[in-house]
Structures are given as structure tokens and as C-alpha cells.
Amino acid sequence: MSEKKSVQYYQEIQRVINAALGDLQESKDSGRLPKNPVSANHFLIRWVTTAIKSQRFAHCVAGDLKTWQKEGRTKGTGTELPTRFEHYSRLYGELASVENTKSITKEAILAWGEFLEEEKEWCVTTEYEVLPKASLFSDGDHSLIICSTQLESCFDGEDDSAELVKPLTCYVRGNHHEFIESAYEHGLMVHKRSDYKSKVKYHGEYLIFPRNHSLQLAETPFSFNVKK
């Protein structure tokens, strides 16, 4: 039990996802499970329930397992667990694998903001402190706000090479898919706290964790849904 308690979320969620996908593939290969999306989804719903009952995984992922179980009971095949699990496996494997030790620098955050501003025509604001009930006039543009105080306090130094050591908050309004996609393209995983309500009027709230080692499920890019 002590070993389970010491594991980190980003490690354990990958263990859950990859174990589920591995068991699913094994059942298909053995002929015990028909090779169709409906059967695969039902298999994973049952798999999640079994994992909860057996307490197979650490407590840090218990909330995710219960959420998937509840969705399975209410939405059935609409949960699309096989596709979602594949997306999570890809995302974490690329940007937050257990072996990954790559840090996130202030330079990387600023370069991402510059990309959104110059290439995607977003209104990007990083020079002001975000106070409760703050508002931003962006003339209808998509907008990203990062608190200037956090740009100092969340990194281990003042220069651009400083490493992110505390979760960094992003306030977002507009095209959330584009925000998530652009973050992924810059090696960043974002984690939604809210779609709409936050300290900044009309903006949702997301977190970026040091080294992408999060404490909650990350958002998967919309492009993962495009079949190649």
C-alpha cells in the first residue's frame, strides 16, 4: 500500500490507461471479444468497474475511474472510452512519459504566447497582475491571459531559461480547441479547471504543470480525432 501512495498522478494515470488498452487488445487477439467499437467500449466500462472493486490502482486516479464508471452507466457507448484512452495514451506518451524529465521554461511559455498572438491573431496579455473580477477588452478576439506575478513566482529564476516549478494558470476566452492544440504543438499539456468562470470575466481557467507532470487529466488536442 505504501508503494501506491508514493506514486505520482501522471505515472499512475498512464498505468491505468495502458493497462486497460493492453487488456482490451489481448481480449481481441484471443478471440474472446468481437472486434467492433461497441464491444470494446463495453469491455472498458466493465474493466473500469473491476479496477475500482479490486482497488488495483493508487488513490490518486480513483476520481477518474469513478467518473468513467458513471459515464458508462449513463451514456453507454457514448462514452467512447477506447478512443479517449488511445488519445490519453498518445498524449502522455509524447509529452509526459514516465521517462520524460524535460523541463518547461519561461522562454517556451512566452514563445507559445507569441505564436498565438502573431500566427493565430489572439490577444495575449502577460504584463498585468490578475486580480479578482478582472476584465479584459479584447474587441472580440480570442484571448489568453497569464498573470505577470505568476510569470515571476512560478519559475525558479528571472531569465527566460528559468524552469517552471509551480502550476501556471492560463485564462482563456474564445477558441479553446485552438488553445489546446497550440499548447500541444509547443510541448505543453493544459488542464481545464473551468470552461467559462474564473477570476477573469468571461474566461475559462487552465493549468500548466511543471514538466507536464500533472495532478489531473490533461486536455487532448482536437486533431487527435482526425483519422489519417
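What's counted below: heavy atoms across the whole structure, side chains too, no hydrogens, waters or symmetry copies. For reference, positions follow the sequence shown, starting with 1.
Looking only at distances, no side-chain donor or acceptor of His142 sits under 3.5 Å from a matching main-chain atom of Trp122. For the pair Gln150 (side chain) and Thr169 (backbone), a donor-acceptor distance under 3.5 Å is present.
With sequence neighbours left out, Asn18 forms a side-chain hydrogen bond (donor to acceptor under 3.5 Å, both in side chains) with Ser89. In this structure, Ser103 has no side-chain hydrogen bond (donor to acceptor under 3.5 Å, both in side chains) partners at least two apart in sequence or on a different chain. Remark: Thr83 engages His87 in a side-chain contact (heavy atoms from CB on, under 4.5 Å) (not counting sequence neighbours). In this view, Glu181 and Ser223 satisfy the side-chain hydrogen bond (donor to acceptor under 3.5 Å, both in side chains) rule, not counting sequence neighbours. Partners of Glu71 according to the side-chain hydrogen bond (donor to acceptor under 3.5 Å, both in side chains) rule, which considers only residues two or more places apart in sequence or in another chain, are Arg84. Lys192 is linked by a salt bridge (charged side-chain N to carboxylate O under 4.0 Å, His left out) to Asp195, counting only residues two or more places apart in sequence or in another chain. Partners of Glu94 under the salt bridge (charged side-chain N to carboxylate O under 4.0 Å, His left out) rule, at least two apart in sequence or in another chain, are Arg90. Remark: Thr49 pairs with Lys53, Gln69 by the side-chain contact (heavy atoms from CB on, under 4.5 Å) rule, at least two apart or across chains. Applying the side-chain contact (heavy atoms from CB on, under 4.5 Å) test to Pro37 and every residue at least two apart in sequence or in another chain returns nothing. Residues passing the side-chain contact (heavy atoms from CB on, under 4.5 Å) test with His176, sequence neighbours excluded: Val172, Tyr206.
The shortest distance between side-chain heavy atoms of His42 and Thr77 falls below 4.5 Å. Ile17 is not listed as a side-chain neighbour of Tyr92, based on a closest heavy-atom distance of 4.5 Å or more. Counting heavy atoms from C-beta on, the side chains of Glu205 and Lys199 never come closer than 4.5 Å. Counting heavy atoms from C-beta outward, Leu217 and Asp64 have side chains that approach closer than 4.5 Å.
Pairing each heavy atom of Ser39 with each of Pro34, the nearest pair is CB-O, 3.6 Å. Among all heavy-atom pairs drawn from Leu151 and Leu168, the shortest one is N-CD1, 4.5 Å.
Summarising the geometry, atom CD1 belonging to Ile145 is positioned 10.0 Å from atom CD belonging to Glu127; distances are rounded to the nearest 0.5 Å. His213 NE2 to Ile104 CD1: the interatomic distance, rounded to the nearest 0.5 Å, is 9.0 Å.
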Would you mind writing out the side-chain donor-acceptor pairs for residues 19-27 within the sub-3.5 Å range, not counting sequence neighbours?
unit_1 : atom_1 : unit_2 : atom_2 : d
Asp23  : OD2    : Trp47  : NE1    : 2.8
Gln25  : NE2    : Asp29  : OD1    : 2.9
Glu26  : OE1    : Arg32  : NH2    : 2.6
Ser27  : OG     : Asp23  : O      : 3.2
Ser27  : OG     : Arg32  : NH2    : 3.4

Query raised in the report: Could you go step by step and tell me if Glu152 and Lys106 meet the side-chain contact (heavy atoms from CB on, under 4.5 Å) rule?
Result: CA-CA 9 Å; Glu152 300 299 326; Lys106 186 181 297 186; 4.0 Å; yes

**Report entry** Ser143 vs Thr125, side-chain contact (heavy atoms from CB on, under 4.5 Å): CA-CA, chis, key distance, verdict
**Finding:** CA-CA 8 Å; Ser143 61; Thr125 305; over 6 Å; no

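Between His203 and Tyr171, the gap from one ring centroid to the other reaches at least 6.0 Å.
Residue pairs satisfying the side-chain hydrogen bond (donor to acceptor under 3.5 Å, both in side chains) criterion with at least one member in residues 159-168, sequence neighbours excluded, are listed as follows: Asp159-Ser161, Glu163-Arg211.
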